[in-house]
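Working notes, structure below.
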Amino acid sequence: MRKLLILLQLIFLLSATMISHAQQHNRFVFTQLKYDGNWDPYPETWQDILAFLATTTSLDCEPRRRVITAGDNQLFSSPFLVILGNESFPELTSDERQRIRRFLTNGGMIFAENSSGIRSGDFDASFRREISKIFPEKKLSKLPSTHPIYRSFYLLRGVGGRRLTNNYIEGIDLAGRTILVYSQNDIIGAWAKDRFGNYLWDCSPGGEGQRFEAQKLSQNIIMHSVCGTYKSDAVHQPYIEQKLRR
Amino acid sequence: MEYTTLQFLKIDWLLLAAFVIAAASAVLLWRLRKMPLFAALRFPVIFFLLVTASAPVLVRFRAERKPAVAVVVDVSPSMALTKRIESAVAFISKNEAALNASVELKYYGFAASSSEVKQFSSLLKANFGPATDINSALWGVRRENSGRLSGVILITDGNHNAGALKDNWLNGLDAPVFTVAVNSGEMIKDIAINSVKVSDFAFKNVPLDITVGVAASGLAGRSTSVRLKDGTNVLAAKPLNIVSDNDSQEITLRFTPALNGNFAYQLEAEPLQGEITATNNYKNLSLNVIRDKLRVLFLSGSPSFEYAFLRHMLKNDPMVELVSFVILRNPENIMLVTDDQSSLIPFPSSELFSRDLHSFDLLLLDNFSYRKLSLNPEYFNNIKDWVTVKGGSLLMNAGPNSFSTGGWNFTAVGDILPADAPPAEDSFKEGFFRPRVVAPGHFLVSLTDGRKENEAAWKSVPELEFSQELRPKQGAEVILENPRDGSAVLSVWDKGKGRAAALGVNTTWKWALQSGTLNVYNAFWKNIIRYLTRSGKADEWQVYFDRPEYFAGQEYAVRFRRPFESDTQKLRLTVTEPSGSKSTSPLKKSGEKEWSFSGRFRESGTHVFDLNSDSAGMARTEYRFETAVSAATSREEANLNNDAQFLRDIAADTGGLYFDEYNFSLPDFYDKLKKIKQKSAVEKSPIGVSGWCLAILAGLLVFEWFLRRKKGMW
């Protein structure tokens with residue numbers, strides 16, 4: 001009986017983490033792609049990320065994570081999609097590639113991350129392969145330090161992450177919009193905590209400062225998805241340049 | 001005068017030979033002195049034979065006619081006002097006797113029409129209309145005289161105003177024109193606006209230069225001002241200091257149009273005391289003001305997908321210059337870094353809502369909370385004035401900080417919104433729905449070309465989620481509604497000179513993300529923006545008048561054309577005259593997308609045309625434009641000075657001469673007259689073969705035969 005009750009509670013909690021109906025109004029939804037592989041290396045960090053957003057920004061967030069697959073119609077229910085992994089990213093079907101391409105072309109944005117923190121690891125190679133099939137005409141390229149993503153909320157002079165694998169993040173632009181942001185620094189991993197609330201991983205080599213940079217960068221990425229190139233507008237430049245000079 | 005002469009036309013050699021034989025026999029007989037009587041008879045026979053042989057003709061001539069010269073006198077109002085007609089009559093009186101000695105004068109008067117007059121003195125009271133048509137006058141005179149004129153004396157001030165003159169308009173006139181400029185009796189005191197140089201169109205919010213040509217006479221040393229007015233409002237003004245009695249200046253006025261559309265303005269040189277007329281102190285100016293770019297101010301109370309999608313669309317619209325602000329942090333949010341580590345900037349409320357607001361065309365309020373920013377309530381009055389007086393456009397969309405839930409319904413901004421929400425928190429409706437089109441044929445719901453295709457597009461748009469229950473206000477037009485509860489999803493109305501819209505959803509981004517293409521989303525928002533700002537296709541009625549300029553009393557015909565399909569079949573035109581009286585008439589459909597109307601301008605001044613239609617039982621103003629009508633006499637009074645150069649040109653082009661009333665030279669005049677070889681009327685009477693000659697000849701021959709028989713010579 002006791003085991004049954006625990007099972008029921010687990011089922012309830014599990015269902016609470018997912019949105020069975022894609023109702024969200026105009027709120028930001030943390031949507032994550034589920035695939036055949038290790039798609040969810042950090043099952044609970046999204047809560048901390050959303051809590052951080054709610055505390056520090058005016059962004060109205062849906063309090064629950066949405067998990068979808070590439071073949072799911074709910075792929076088009078929210079324009080922001082997170083893809084994480086530290087092992088091989090599976091080969092997508094032609095239909096799935098077309099759907100993801102349409103998602104991105106019609107206004108969606110993907111934040112993808114090689115959670116292994118190892119440059120050119122399994123996830124990196126397989127993910128790049130799939131992206132090159134989705135957008136054969138495009139290539140992942142470094143986002144310059146002047147990219148709006150580095151100033152969408154915080155003014156970032158560099159990147160952070162659990163591992164400083166690269167001192168940059170990459171992306172693909174389409175029609176004046178960055179539709180894909182890709183990191184190998186395990187930015188999301190910098191948020192991971194144990195059940196006591198302690199950070200699971202050290203951030204190397206920069207320590208807690210590097211972790212904070214990762215947290216700010218993840219917030220900037222999300223803010224960029226809901227603000228676009230807002231901070232590139234001319235009205236902001238004098239202020240930003242003045243602050244950067246300090 | 002007539003005279004007669006005898007001419008011998010030919011010599012018949014046979015008859016001449018007969019004469020020689022007869023003459024020789026007469027001489028022989030006379031020498032023989034035998035038959036002097038016979039010899040005596042021979043002489044008359046010889047005589048008549050001679051006459052017959054030479055074919056004599058009695059010719060009666062008429063004297064040659066004098067060259068015909070038409071004296072064509074301008075009796076238009078400009079000549080009358082400046083008393084130049086009196087001067088013209090005096091000129092004719094002075095020169096008539098000398099002219100009549102050598103030429104045949106015919107008198108004509110002209111203004112808008114022309115006619116021959118018997119007495120030139122009758123020109124003083126002639127009335128041939130309110131315009132000056134030199135072209136028709138000259139060609140009418142030529143036609144009446146079948147091209148037999150040796151010259152034309154044209155007495156006019158040269159201010160032709162009855163239509164443009166083609167190049168080489170005098171070709172084929174076939175008579176030299178002697179132009180005579182007569183002066184007015186005394187120095188004319190007058191200021192006239194005689195030219196306006198301005199671009200064909202102006203850009204909204206971009207300064208425009210208007211160069212006004214002013215001619216002043218008889219007012220040396222006096223000052224006035226030249227102004228650009230919109231009704232009673234002075235938009236620009238500059239002083240005019242008159243230097244000499246024949247002064248001509250160009251004054252450049254600069255003003256910045258604040259609204260786009262077709263407008264009628266007035267240019268004015270403030271009349272001075274003693275001017276002969278004030279009509280020519282005014283000139284109407286029609287201006288088409290268009291946008292260089294639409295300036296959109298997009299304010300969002302929080303970042304969101306709706307903001308991101310709309311911002312991206314606006315940023316990529318080449319017709320839009322976007323300025324946007326998003327409130328990224330509320331007062332209750334915690335800031336974990338120092339100011340120099342965040343990209344946040346202060347929200348410039350004072351600059352936006354006071355100083356810079358007028359420079360925008362459209363204000364989008366996206367879930368924007370004034371409470372959290374503690375905005376000065378005076379800003380709301382600024383926004384209201386900017387919409388109602390300056391013609392700005394406002395749109396508010398749904399959100400927790402919008403409409404009543406945002407406290408807007410108790411502000412001046414709420415007053416100008418076409419819909420409001422119940423004050424309760426439960427004004428938000430959950431659930432998915434596809435909006436229902438309430439105003440088919442309205443530009444705002446035109447997602448694609450073709451009525452059927454458009455209906456299909458609306459039936460297949462992705463469902464929206466959540467709406468704020470909005471109730472349209474009296475006079476608002478509902479375009480889209482939520483079929484689940486009938487609440488207005490999109491409502492619009494004209495508010496003063498501007499427009500406002502209320503959108504009860506904030507998930508239109510789904511139309512972009514979930515459709516096959518971005519077309520539906522882009523079309524929907526582009527329509528809203530262009531409709532609210534009265535620009536682009538939304539306002540793209542094309543208006544064609546049958547004349548470039550109108551005067552009071554003239555009839556007009558106007559056509560309206562719209563390039564896109566519409567359900568609108570019945571259109572009405574309401575014309576508001578300067579006096580304020582209105583008349584509404586149905587338009588006649590003259591083509592698939594064209595309507596026409598004709599009427600008469602009874603008054604001078606600015607006339608406002610409103611093109612109205614009925615859609616879904618509601619009257620709607622489709623298009624509004626203005627046109628200026630000048631006073632009937634303004635054509636004539638526009639320029640009261642002699643156009644000496646024009647008169648010189650007429651003379652030069654026709655081989656004539658230009659004179660003024662003091663230096664008219666008869667010898668030069670005669671010298672230049674066209675010499676027409678006139679065929680005299682000749683009457684010929686042949687004598688040689690006339691019956692009398694032949695009878696006399698026969699009688700003489702018979703008498704001689706009788707004598708010979710009596711004498712026994714036969």
Side-chain angles (χ1 to χ4, degrees), chain A residues 21-29 52 54-60 73 75-80 102-103 105-109 148 150-157 175-177 212 215-216 220 222-236 238-240 242-246, chain B residues 300-313 315-316 322-330 332-346 348 366-367 369 372 397-400 428 430-432 462 465-466 505-507 509-518 521:
Chain A
H21 195 282
Q23 196 157 330
Q24 67 186 68
H25 301 178
N26 193 27
R27 290 193 279 267
F28 171 79
V29 179
F52 189 73
T55 305
T56 58
T57 74
S58 60
L59 183 62
D60 188 10
N73 273 340
L75 172 64
F76 299 95
S77 64
S78 182
F80 182 77
R102 183 157 67 90
F103 169 81
T105 305
N106 284 4
M109 178 181 156
Y150 292 114
R151 43 190 75 178
S152 58
F153 191 88
Y154 298 103
L155 272 182
L156 301 179
R157 291 156 175 82
R177 216 169 40 88
F212 190 41
Q215 290 171 333
K216 289 192 289 181
N220 271 26
I222 290 171
M223 293 301 277
H224 183 72
S225 76
V226 289
C227 290
T229 57
Y230 170 56
K231 284 296 176 182
S232 297
D233 288 353
V235 68
H236 300 276
Y239 294 93
I240 289 173
Q242 193 177 25
K243 291 183 185 186
L244 286 172
R245 277 197 291 269
R246 288 185 202 153
Chain B
S300 185
S302 64
S304 67
F305 294 130
E306 186 77 333
Y307 171 79
F309 276 68
L310 185 53
R311 178 199 153 79
H312 180 70
M313 192 223 84
K315 266 295 196 187
N316 283 283
L322 177 68
V323 175
S324 77
F325 288 91
V326 183
I327 307 302
L328 297 179
R329 185 175 80 85
N330 290 323
E332 66 270 21
N333 293 128
I334 298 169
M335 197 64 194
L336 297 176
V337 298
T338 56
D339 178 63
D340 61 343
Q341 292 182 58
S342 84
S343 63
L344 306 186
I345 66 171
D366 167 41
N367 191 32
S369 169
K372 291 184 181 180
N397 71 350
F428 298 110
E430 298 287 340
F432 294 87
E465 181 192 353
F466 156 86
V505 291
N506 59 2
T507 52
W509 55 265
K510 289 176 183 265
W511 288 350
L513 192 65
Q514 296 175 5
S515 294
T517 67
L518 296 171
Y521 177 81

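In what follows, chains are A, B, ... by sequence order, proteins preceding strands, each numbered from 1.
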Looking only at A:I240, A:L244, A:T55, most heavy-atom pairs under 4.5 Å shared with chain B are made by A:T55
Which one, A:Y230, A:F80, A:F212, leads in non-hydrogen pairs under 4.5 Å with chain B?
A:Y230
Max heavy-atom pair count under 4.5 Å with chain B, selected residue of A:R151, A:R102, A:K231
A:K231
Tell me, out of B:L336, B:V505, B:I334, B:N367, who's got the most heavy-atom pairs with chain A below 4.5 Å.
B:I334
Is there side-chain contact between B:M335 and A:T56, with at least one heavy-atom pair below 4.5 Å?
no
Between A:H25 and B:F466, how do the two ring planes meet: parallel, tilted or perpendicular, split at 30° and 60°?
parallel
Can you measure from NZ (B:K510) to OG (A:S78) and round to the nearest 0.5 angstrom?
8.0 Å
Counting only heavy atoms closer than 4.5 Å, note whether B:P462 contacts chain A via side chain, backbone, both or neither.
neither
A:N26 backbone acceptor or donor facing B:E306 side chain under 3.5 Å
no
Got A:K216 and B:V337 here, is their nearest side-chain heavy-atom distance under 4.5 Å?
yes
Note: A:N106 and B:L518 closest approach over all heavy atoms is O-CD2, 3.6 Å
Any side-chain heavy atom of B:Q341 sitting closer than 4.5 Å to one from A:L155?
no
Need one label for B:K315: side chain, backbone, both or neither, based on atoms under 4.5 Å from any heavy atom in chain A.
side chain
Minimum heavy-atom distance between B:N333 and A:A54, given as atom pair plus value
ND2-O, 3.3 Å
If you tally heavy-atom pairs under 4.5 Å between each of B:D339, B:L322, B:T517 and chain A, the highest tally belongs to B:D339
Is there a side-chain contact between A:Y239 and B:S343 (heavy atoms, below 4.5 Å)?
no
With a 4.5 Å cut-off on side-chain heavy atoms, are B:R329 and A:T57 touching?
no
So, do A:L59 and B:S302 sit near enough that their side-chain heavy atoms are less than 4.5 Å apart?
no
Below 4.5 Å from any heavy atom of chain B, which atoms of A:R27 appear? Answer side chain, backbone, both or neither.
backbone
What part of B:F325 gets closer than 4.5 Å to chain A, counting heavy atoms only: side chain, backbone, both or neither?
both
If one checks every heavy atom of B:N506 against chain A at 4.5 Å, the contacting part turns out to be both
As an exercise, state the distance from CG of B:N330 to OG of A:S58, rounded to the nearest 0.5 Å.
5.0 Å
So do the side chains of A:T229 and B:R311 get within less than 4.5 Å of each other, counting heavy atoms only?
yes
Which atoms of B:S300 approach chain A - backbone, side chain, both or neither, heavy atom under 4.5 Å
neither
Tell me, for A:A234 versus chain B, whether the close heavy atoms (under 4.5 Å) come from the side chain, the backbone, both or neither.
neither
Of the listed residues (B:L344, B:N316, B:V323), which shares the most heavy-atom pairs with chain A below a 4.5 Å separation?
B:L344
Using non-hydrogen atoms and a 4.5 Å limit, figure out which bit of A:S152 sits close to chain B: side chain, backbone, both or neither.
backbone
Could you go through A:R245 and B:D340, starting from their C-alpha distance and side-chain angles, then the distance that decides it, and tell me whether this counts as salt bridge (charged side-chain N to carboxylate O under 4.0 Å, His left out)?
CA-CA 9 Å; A:R245 277 197 291 269; B:D340 61 343; over 6 Å; no
Look at the aromatic rings of A:F28 and B:F305 and report parallel, tilted or perpendicular, splitting at 30° and 60°.
tilted
Mind checking whether A:D60 and B:S304 have side chains closer than 4.5 Å, heavy atoms only?
no
Smallest separation among heavy atoms of A:G107 and B:F309, with atom names:
O-CZ, 3.4 Å
May I ask you to name which of A:Y150, A:F103, A:Y154 has the most heavy-atom pairs under 4.5 Å with chain B?
A:Y154
